[in-house]
Engineer: 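Here it is, the structure, as structure tokens.
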Amino acid sequence: MNMTNAPLPTNFIQNIITEDLKDNKNGGRVHTRFPPEPNGYLHIGHAKSICLNFGLAVANGGICNLRFDDTNPSKEEVEYVESIQADVKWLGFDWDDRMFYASNYFDKLYEYTVGLIKAGKAYVCDLSAQEIRQYRGTLTEPGQDSPYRNRSIEENLDLFKRMRAGQFEDGARVLRAKIDMASPNINMRDPVLYRILRATHHRTGDKWCIYPMYDYAHPLSDAIENITHSVCTLEFADHRPLYDWALDQVDYAMEADGRPQQIEFARLNLTYTVMSKRKLRELVEHGYVSGWDDPRMPTISGLRRRGYTPESIRDFCDRIGVAKRDSMVDIALLEHCIREDLNLNGPRVMAVLDPLRVIIDNYPEGQVEWLEGENNPENPGMGSRQIPFSREVYIEREDFMEDPPKKFFRLAPGREIRLKSAYIIKCERVVKDDQTGAILELHCSYDPESHSGGATSGRKIKGTSHWVSAAHALKAEVRLYDHLFVDENPDDEGDGLDYKAKLNPSSLQVLTSCLVEPSLAGAAPGSRYQFMRQGYFCVDPIDTSENLLVFNRIVSLRDTWAKIQKGNESSTSA
RNA sequence: AGCCGAAUGGUGUAAUGGUAGCACGACUGAUUCUGGUUCAGUUCGUCAGGGUUCGAGUCCUUGUUCGGCUGCCA
């Protein structure tokens with residue numbers, strides 16, 4: 001979208017890179033990586049990281065790898081590696097031939113580790129998980145050395161080989177780094193490097209029964225891939241000394257020009273949504289949503305199904321910036337981004353969500369006129385289409401009021417409105433149900449001279465309504481989505497309420513008797529439109545079939561009238 | 001309590017010792033055959049105290065508040 005010479009996005013990471021480049025650090029290379037663990041679906045928070053890592057590389061003439069951080073087979077599945085690739089691609093990023101797996105390096109890592117043991121920097125520890133915890137000390141008290149800390153190198157080597165050979169049970173022993181049990185940084189108190197874990201790995205199958213820990217595998221994977229800037233989120237800041245330790249200890253014989261540097265930034269938080277994998281999984285598994293791609297989910301697949309464009313998400317990620325402080329971005333910014341995109345690129349179309357029949361008594365019975373409607377006033381290049389007009393039309397029920405309040409510019413008894421791209425009509429008579437008093441239909445007259453572009457077409461009429469011709473309209477199902485939570489910060493349990501207690505009961509409203517203009521026949525799944533005066537909608541790619549059009553509301557239009565109404569309500573009730 | 005990190009309008013983010021800017025939101029008004037868009041404008045900010053300096057959001061210092069860390073998860 002931004003094809004001009006936009007200034008580099010300025011943030012503290014770019015500043016670091018700019019300095020590094022100036023110093024010719026890493027031989028002037030910039031090489032980043034996006035390293036998800038394939039244990040779930042990507043969400044908008046990952047999109048921030050993806051845009052950052054790929055964006056930083058591109059902006060500085062570098063490259064970015066996709067790397068699956070698959071060191072814990074008990075949680076990982078191919079389903080996730082596939083969805084992650086699809087999502088990154090859909091967002092518009094390309095890793096070329098640089099898709100890697102940490103598991104590709106298991107052999108290499110094992111060799112490094114043997115060297116580490118030979119150098120006396122690691123030892124096999126027989127303590128149980130619970131004992132290790134006890135020996136580790138607390139935040140304020142130093143830990144104690146493991147009784148196995150001073151095993152001979154020979155014994156460590158032998159034990160480690162036997163760990164690999166499967167001679168011990170899961171959890172019986174671990175390999176630990178020999179660092180400092182009194183370190184004020186708990187991550188440095190002889191952290192576990194390898195654990196025994198019999199789980200079939202989605203890539204390596206049952207070849208291994210020992211797996212390296214993230215803290216150990218990650219820096220070495222970065223080094224193996226010649227990464228220069230290893231960008232991760234804030235909670236890993238305490239792990240950085242260990243990251244550096246691993247690089248220091250292992251003579252990885254990198255032909256690399258330089259060494260990777262870990263840089264931490266604050267993860268994305270969005271109002272009215274949760275972002276943790278655990279909670280998203282819970283929403284899916286307990287049926288609060290229809291799946292990972294439920295259009296209310298903040299997952300990439302959910303946003304995609306909802307109708308968000310990749311461009312709008314990238315734009316959003318550019319706008320939120322990158323910093324080290326925890327923050328909560330207003331979801332209104334995301335909504336602004338998609339509106340801005342679709343305002344320019346979404347064809348206009350008329351759809352009546354809650355139809356009210358209007359009979360135009362002075363319009364000839366049986367006559368049909370095909371009127372021209374521009375597809376996008378912001379973009380004349382998008383051309384126009386023909387819209388049928390006839391004696392019976394439907395308008396939006398809320399566009400008529402029998403007893404309208406002040407500033408109501410729409411239809412009311414004796415009042416006029418313009419039907420968009422057609423004629424001005426006047427409400428002559430209201431037909432109601434004798435029993436219930438419900439409004440059944442309106443009888444109107446039209447001004448034949450008021451055709452768009454016609455003689456009296458210049459007459460000023462305050463209100464313009466969208467409409468469809470009764471004889472030509474197509475039935476459709478429309479799903480109105482709203483925020484998944486009613487609370488701005490569902491994660492905040494300060495009020496004693498679990499995030500699930502803050503689910504929005506009306507986050508989904510299904511309308512089954514909507515009528516849309518006939519040009520929408522056969523609309524492509526996934527295509528996006530502006531339903532005039534209502535919002536942006538997307539043809540649901542899953543549930544739309546040949547005999548049923550299903551639309552998802554991506555986002556409503558900004559609605560000044562709704563605000564005025566709200567103001568009216570509160571002022572009358574006050 | 002120990003270590004680490006962060007504090008700039010309602011929200012997010014710039015300003016690398018020199019005019020506190022941009023975006024979103026909110027609010028006015030104008031335009032409009034979408035109560036959309038567009039345009040014009042308004043509102044609102046450097047956590048606190050002390051210090052260095054001709055000059056401090058930025059450097060020093062003390063404090064306050066918030067976040068992270070005691071997995072054989074990542």
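Computation of the quantities below employed the complete heavy-atom set of this structure, encompassing side-chain atoms and omitting hydrogens, waters and symmetry-equivalent molecules. Order of the sequence lines sets the chain letters (A, B, ...), proteins ahead of strands, with each chain counted from 1.
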Engineer: Say we look at B:rG17 and B:rG51: how far apart would their C1' atoms be, to the nearest angstrom?
Structural biologist: 15 Å

Engineer: Contact class for A:Ile16 vs. all strands (heavy atom < 4.0 Å): base, sugar-phosphate, or nothing?
Structural biologist: nothing

Engineer: Which residue pairs pass the salt bridge (charged side-chain N to carboxylate O under 4.0 Å, His left out) test when at least one of the two sits in residues 135-147 of chain A, sequence neighbours left out?
Structural biologist: A:Asp145-A:Arg149

Engineer: When you check the gap from the basic side-chain N to the acidic O, do A:Lys22 and A:Glu19 get nearer than 4.0 Å?
Structural biologist: yes

Engineer: Classify the side chain of A:Arg339 versus the base of B:rG36 as yes if they form a donor-acceptor pair under 3.5 Å and no if they do not.
Structural biologist: no

Engineer: How is A:Tyr216 classified with respect to the nucleic acid when contacts are heavy atoms under 4.0 Å: base, sugar-phosphate, or nothing?
Structural biologist: nothing

Engineer: Under 4.0 Å, counting only non-hydrogen atoms across every strand here, what does A:Lys324 touch: a base, just sugar-phosphate, or nothing?
Structural biologist: sugar-phosphate

Engineer: Find out whether the Lys NZ or Arg CZ of A:Arg203 is both under 6.0 angstrom from the six-membered ring centre of A:Tyr101 and within 45° of the ring's axis.
Structural biologist: yes

Engineer: Just call it for A:Lys407: base, sugar-phosphate, or nothing, with non-hydrogen atoms closer than 4.0 Å on any strand.
Structural biologist: base

Engineer: Among B:rU70, B:rA14, B:rA1, which is the nearest nucleotide to the side chain of A:Ala323?
Structural biologist: B:rA14

Engineer: Check every atom of B:rG71, B:rG12, B:rG2 against the side chain of A:Pro184 and return the nucleotide holding the closest atom.
Structural biologist: B:rG2

Engineer: Ignoring hydrogens and geometry beyond distance, is the side chain of A:Glu378 in donor-acceptor contact with the base of B:rU38 at under 3.5 Å?
Structural biologist: no

Engineer: Using O4'-C1'-N9-C4 for purines and O4'-C1'-N1-C2 for pyrimidines, with syn meaning within 90° of 0, is B:rG71 syn or anti?
Structural biologist: syn

Engineer: With respect to the phosphate group of B:rC72, does any side-chain polar atom (N or O) of A:Arg136 fall under 4.0 Å of OP1 or OP2?
Structural biologist: yes

Engineer: Taking only side-chain N and O atoms of A:Asn376, does any of them lie within less than 4.0 angstrom of OP1 or OP2 on B:rG36?
Structural biologist: no

Engineer: Looking only at side-chain N and O atoms, does A:Arg558 come under 4.0 Å of OP1 or OP2 in B:rA26?
Structural biologist: yes

Engineer: A:Leu197 near the nucleic acid: base, sugar-phosphate alone, or nothing, with a heavy-atom cut-off under 4.0 Å?
Structural biologist: nothing

Engineer: Base, sugar-phosphate or nothing for A:Pro377? Non-hydrogen atoms, less than 4.0 Å.
Structural biologist: base

Engineer: Assess whether one donor atom and one acceptor atom, taken from the side chain of A:Asn15 and the base of B:rU16, lie less than 3.5 Å apart.
Structural biologist: yes

Engineer: Between A:Tyr123 and A:Arg176, is there a cation-pi geometry (under 6.0 Å to ring centre, at most 45° from the normal)?
Structural biologist: no

Engineer: So, is A:Ser465 close to the B:rU34 phosphate, meaning a side-chain N or O under 4.0 Å from OP1 or OP2?
Structural biologist: no

Engineer: Separation of A:Tyr272 atom OH from B:rG10 atom C1', in whole Å?
Structural biologist: 12 Å

Engineer: Need one value for A:Leu139: base, sugar-phosphate or nothing, where a base atom within 4.0 Å counts as base even if backbone is also close, heavy atoms only.
Structural biologist: base

Engineer: Strictly below 4.0 Å: does A:Arg278 bring a side-chain N or O up to OP1 or OP2 of B:rC73?
Structural biologist: no

Engineer: I'd like to know if A:Arg348 reaches the base of B:rU34 with its side chain, counting only an N/O donor and acceptor under 3.5 Å.
Structural biologist: yes

Engineer: Between A:Asp70 and A:Val322, which has a closest nucleotide on RNA chain B that is more 5'?
Structural biologist: A:Val322

Engineer: If I pick the C1' atom on B:rC59 and the same atom on B:rA26, what distance separates them, to the nearest angstrom?
Structural biologist: 37 Å

Engineer: Is there a Watson-Crick or G-U wobble partner for B:rU42 with both distances under 3.5 Å, and if so, which one is it?
Structural biologist: B:rA26

Engineer: Dump every N/O contact between nucleotides 19-24 of chain B and the protein below 3.5 Å, one line per pair.
Structural biologist:
{"residue": "B:rA23", "atom": "O2'", "partner": "A:Arg319", "partner atom": "NH1", "Å": "3.0"}

Engineer: Please state whether the phosphate of B:rU32, meaning OP1 or OP2, lies under 4.0 angstrom from any side-chain nitrogen or oxygen of A:Thr464.
Structural biologist: no

Engineer: Just to be sure I understand the rule, does A:Asp326 reach a base, reach only the sugar-phosphate, or reach nothing, if contact means heavy atoms closer than 4.0 Å?
Structural biologist: sugar-phosphate

Engineer: May I ask you to decide whether A:Glu235 forms a salt bridge with A:Arg267, counting only side-chain N to carboxylate O separations under 4.0 Å?
Structural biologist: yes

Engineer: A:Ile564 has a side chain; which of B:rU16, B:rG35, B:rU13 sits nearest to it?
Structural biologist: B:rG35

Engineer: For A:Lys324, is there an ion pair with A:Glu264 - N to carboxylate O distance below 4.0 angstrom?
Structural biologist: yes

Engineer: For A:Thr138, answer base if it contacts any base atom (sugar-phosphate contacts may also be present), sugar-phosphate if it contacts only those atoms, and nothing otherwise; contact means non-hydrogen atoms under 4.0 Å.
Structural biologist: base

Engineer: Can you figure out which of B:rU34, B:rC72, B:rU32 approaches the side chain of A:Lys460 most closely?
Structural biologist: B:rU32

Engineer: If I pick the C1' atom on B:rA48 and the same atom on B:rU43, what distance separates them, to the nearest angstrom?
Structural biologist: 26 Å

Engineer: Nearest to the A:Thr140 side chain among B:rG5, B:rA1, B:rC72, which nucleotide is it?
Structural biologist: B:rA1

Engineer: Take atom CG of A:Leu242 and atom P of B:rC72, then tell me their distance rounded to the nearest Å.
Structural biologist: 12 Å

Engineer: So that I know where these two stand, are A:Phe389 and A:Trp370 an aromatic pair - ring centroids less than 6.0 Å apart?
Structural biologist: no

Engineer: Are A:Arg164 and A:Tyr110 in a cation-pi contact, defined as NZ or CZ under 6.0 Å from the six-membered ring centre and within 45° of the axis?
Structural biologist: yes

Engineer: Identify whether any heavy atom of A:His218 sits under 4.0 Å from a base atom; if not, whether one sits that close to sugar-phosphate; answer base, sugar-phosphate or nothing.
Structural biologist: nothing

Engineer: Between A:Leu557 and A:Asn72, just flag the one whose closest nucleotide in RNA chain B comes earlier from the 5' side.
Structural biologist: A:Leu557

Engineer: Classify A:Ala129 by what it touches in the nucleic acid, base, sugar-phosphate, or nothing, heavy-atom distance under 4.0 Å.
Structural biologist: base

Engineer: Does the side chain of A:Thr560 get closer than 4.0 angstrom to OP1 or OP2 of B:rG36 through an N or O atom?
Structural biologist: yes

Engineer: Can you check whether A:Thr299 reaches A:Leu42 side chain to side chain, under 4.5 Å on heavy atoms?
Structural biologist: no

Engineer: Applying a 4.0 Å non-hydrogen cut-off, can you work out what A:Gln534 is touching in the nucleic acid: base, sugar-phosphate, or nothing?
Structural biologist: nothing

Engineer: Could you tell me the Watson-Crick or G-U partner of B:rG9, where both distances fall under 3.5 Å? Say none if there is no partner.
Structural biologist: none

Engineer: Which is true for A:Tyr194 with a 4.0 Å heavy-atom rule: it touches a base, it touches only sugar-phosphate, or it touches nothing?
Structural biologist: nothing

Engineer: Can you tell me how far C1' in B:rG18 sits from the matching atom in B:rU53, rounded to whole Å?
Structural biologist: 12 Å

Engineer: Answer yes when A:Lys426 and A:Asp447 have at least one side-chain N-carboxylate O distance shorter than 4.0 Å, and no when they do not.
Structural biologist: no

Engineer: Is there a Watson-Crick or G-U wobble partner for B:rG2 with both distances under 3.5 Å, and if so, which one is it?
Structural biologist: B:rC69

Engineer: Expressed as a whole number of Å, how far does the P atom of B:rU46 sit from that of B:rU11?
Structural biologist: 13 Å

Engineer: Should A:Lys563 be listed as having a side-chain N or O under 4.0 Å from OP1 or OP2 of B:rC27?
Structural biologist: yes

Engineer: Is the phosphate of B:rA74, meaning OP1 or OP2, less than 4.0 Å from a side-chain N or O of A:Thr71?
Structural biologist: yes

Engineer: Mind checking A:Ser421 for me? I need base, sugar-phosphate or nothing, with any heavy atom below 4.0 Å counting as a touch.
Structural biologist: base

Engineer: For residues A:Phe106 and A:Tyr211, establish whether the separation of their ring centroids is below 6.0 Å.
Structural biologist: yes

Engineer: Expressed as a whole number of Å, how far does the C1' atom of B:rU65 sit from that of B:rC72?
Structural biologist: 36 Å

Engineer: Taking only the C1' atom of each, what is the distance from B:rU37 to B:rG5 in whole angstrom?
Structural biologist: 43 Å

Engineer: Is it the case that the base of B:rG35 and the side chain of A:Asp559 share a donor-acceptor contact (distance under 3.5 Å, atom types as modelled)?
Structural biologist: no

Engineer: Taking only N and O in the side chain of A:Arg240, is any of them less than 4.0 Å away from OP1 or OP2 of B:rC4?
Structural biologist: no

Engineer: Rounded to whole angstrom, note down the P distance from B:rC60 over to B:rG10.
Structural biologist: 28 Å

Engineer: With a 4.5 Å limit on heavy-atom distance, are the side chains of A:Val468 and A:Val516 in contact?
Structural biologist: no

